[in-house]
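One structure is given here, and the rest of the page talks about it.
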Amino acid sequence: MKSANDEENRKMQPLTGTPAADGFYMPAEWAAQKQIWMLWPQRSDNWRLGAKPAQAAFTAVARAIAEFEPVTVGVNAAQYENASRQLQHPAIRVVELSSNDAWMRDTGPTFVTDGVQQRCIDWTFNAWGGLNGGLYFPWDLDDQVAAKVAAIESCPRYRTEGVVLEGGAIHVDGEGTLLTTEECLLNPNRNPQLECAEIEQRLRDYLGISRIIWLPQGLYNDETDGHVDNFCCFVRPGEVLLAWSDDELDPNYARCRAALARLEQGTDAAGRQLVVHRMPIPGPLYATAQECNGVDWAAGSQARDPSVRLAGSYINYLLVNGGVIMPSFDDPADALAQALLQQLYPQRRVVAVPGREILLGGGNIHCITQQQPLV
């Protein structure tokens with residue numbers, strides 16, 4: 001006779017097959033959401049001053065989201081008490097969930113649905129490049145995050161052994177179209193064993209999409225190798241928002257125009273010509289020497305240098321139920337960006353949250369969050 005433990009272990013095992021074959025697909029981010037998932041920052045070799053400023057920034061993001069929908073924050077055991085105190089809010093749940101760092105978009109699961117049920121995709125994670133340009137070592141706990149989230153939610157999951165992908169590398173319209181960049185997904189430090197056509201087939205198999213729009217590159221100096229979520233995203237079916245610079249001396253100038261050419265030449269899965277909105281790029285932004293000196297040195301971790309331009313972007317925003325949570329940088333373009341987002345999302349309330357501290361760690365609001373659709 002099978003015990004309760006045997007049954008629980010069976011449920012925790014990865015599913016066989018693929019989501020698309022089972023009738024599942026990844027919904028768009030504007031679909032109704034059950035909650036947002038986050039992780040808690042603590043590593044001092046990425047976040048300055050023992051991660052205290054980053055923790056305050058993450059708390060501000062979590063509280064902004066909590067005005068619209070529930071938030072669950074995964075926290076390492078050593079930080080559980082501290083995080084619980086800072087995150088006190090009726091709509092914020094704190095759970096013990098160990099990780100190497102705090103990038104839930106890239107380490108957490110991608111949720112897929114068939115309209116009735118929900119499942120998770122547990123991508124293989126290698127810290128944005130493994131031993132060939134990855135940002136830290138080890139990353140073993142981060143590679144377990146998706147499975148732990150799935151277990152907490154009792155959500156069946158597919159494990160993509162041998163297919164490395166981060167959630168920030170993809171954007172979908174929920175109607176069969178996917179945006180990504182060649183700079184990231186075709187980088188040999190992700191899936192060197194796969195040709196482009198094979199990667200495309202994996203995307204179709206796991207995300208239920210039929211049309212892939214490849215942008216050549218992402219934002220200049222993005223240490224994730226050009227994640228699309230920092231550069232271009234869907235606003236709604238048939239419309240995208242692209243980071244943009246009119247400064248010919250800006251290294252993003254050529255990148256933006258190359259992306260625009262691809263977007264204008266292509267169509268989405270429904271055959272629509274894409275409408276492209278242009279979002280100004282802030283800055284250029286740089287870390288100060290003081291900010292860089294506040295980060296502890298550790299072998300194998302990403303060094304912080306005040307001469308290196310930061311990949312600041314307003315594209316790195318999060319859609320929540322009835323709202324938009326966007327980063328601000330105390331930059332003249334902040335107001336323009338917020339006005340544009342309010343114009344593009346007239347039925348949502350746009351909330352700006354300071355994003356500089358998160359940017360110093362290598363990403364922003366979209367990078368540190370992962371939406372769980374409502375089924």
Side-chain angles (χ1 to χ4, degrees), residues 25-31 105 165-187 190 196-197 199-204 207-222 224-248 250-282 311-319 324 326-327 333 336-337 339-346 364 366-367:
Y25 71 98
M26 180 181 177
E29 294 187 20
W30 52 80
R105 177 66 52 179
L165 186 140
E166 306 94 36
I170 55 174
H171 255 295
V172 299
D173 67 354
E175 296 187 1
T177 316
L178 178 140
L179 277 173
T180 190
T181 70
E182 296 169 354
E183 182 182 5
C184 180
L185 282 198
L186 301 188
N187 194 308
R190 298 303 203 280
C196 178
I199 293 174
E200 289 188 335
Q201 189 58 52
R202 300 299 195 282
L203 294 173
R204 295 187 186 97
L207 299 170
I209 53 95
S210 58
R211 174 82 172 93
I212 300 167
I213 299 175
W214 290 94
L215 305 183
Q217 296 173 300
L219 206 65
Y220 172 73
N221 231 20
D222 186 334
T224 64
D225 301 311
H227 270 188
V228 77
D229 76 339
N230 207 37
F231 189 57
C232 186
C233 65
F234 285 104
V235 175
R236 58 185 61 86
E239 295 186 37
V240 300
L241 184 58
L242 174 66
W244 191 260
S245 174
D246 284 316
D247 181 0
E248 295 184 12
D250 189 326
N252 285 305
Y253 182 85
R255 290 170 177 249
C256 296
R257 278 152 184 78
L260 180 63
R262 292 281 180 92
L263 293 167
E264 290 181 336
Q265 292 165 6
T267 57
D268 66 11
R272 291 172 291 224
Q273 188 76 39
L274 294 172
V275 175
V276 182
H277 304 279
R278 304 179 188 187
M279 171 64 81
I281 297 173
S313 173
Y314 299 111
I315 301 295
N316 214 300
Y317 64 87
L318 175 72
L319 292 181
V324 181
M326 64 163 282
L336 294 172
L340 177 55
L341 286 173
Q342 192 62 76
Q343 176 186 336
L344 293 174
Y345 297 103
N364 229 287
H366 193 263
C367 302

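Fair warning: this is a prediction, and the values are worked out from it, not measured in the lab.
Under the side chain to side chain contact (heavy atoms under 4.5 Å, CB included) criterion, Val228 pairs with His171, Leu179, Thr181, Leu215, Cys232, sequence neighbours left out. Evaluation of the side chain to side chain contact (heavy atoms under 4.5 Å, CB included) rule for Tyr220 yields Pro251, Asn252, Arg255, Arg309 as partners, not counting sequence neighbours. Partners of Ser210 according to the side chain to side chain contact (heavy atoms under 4.5 Å, CB included) rule, which considers only residues two or more places apart in sequence or in another chain, are Ala269. Listed by chain and number, the residues in a side chain to side chain contact (heavy atoms under 4.5 Å, CB included) with Glu200 are Cys196, Arg204, Ile212, Trp214 (sequence neighbours excluded).
Here the straight-line distance linking atom CD1 of Ile281 with atom OH of Tyr253 works out to 12.5 Å at 0.5 Å rounding. Considering CG of Asp173 and CE of Met26, their distance stands at 10.5 Å, rounded to 0.5 Å. Taken from CZ in Phe231 to CD in Glu183, the straight-line distance is 9.0 Å, to the nearest 0.5 Å.
Here salt bridge (Lys or Arg N to Asp or Glu O under 4.0 Å) pairs that include residues 228-237, with residues two or more places apart or in two chains, are Arg236-Glu239. Applying the salt bridge (Lys or Arg N to Asp or Glu O under 4.0 Å) rule to pairs touching residues 265-276 yields Glu175-Arg272, Asp268-Arg272, sequence neighbours excluded.
His277 and Gln343 form no side-chain donor-acceptor contact under 3.5 Å, judged by distance and modelled atom types alone. Residues Asp247 and Ser245 have side chains that never bring a donor and an acceptor to within less than 3.5 angstrom of each other.
With respect to Ile213, the side chain to side chain contact (heavy atoms under 4.5 Å, CB included) criterion is satisfied by exactly one of Thr180, Val240, Leu263, Leu178: Leu263.
Across Leu185 and Ala169, no two heavy atoms sit closer than the pair CD2-CB, 4.0 Å.
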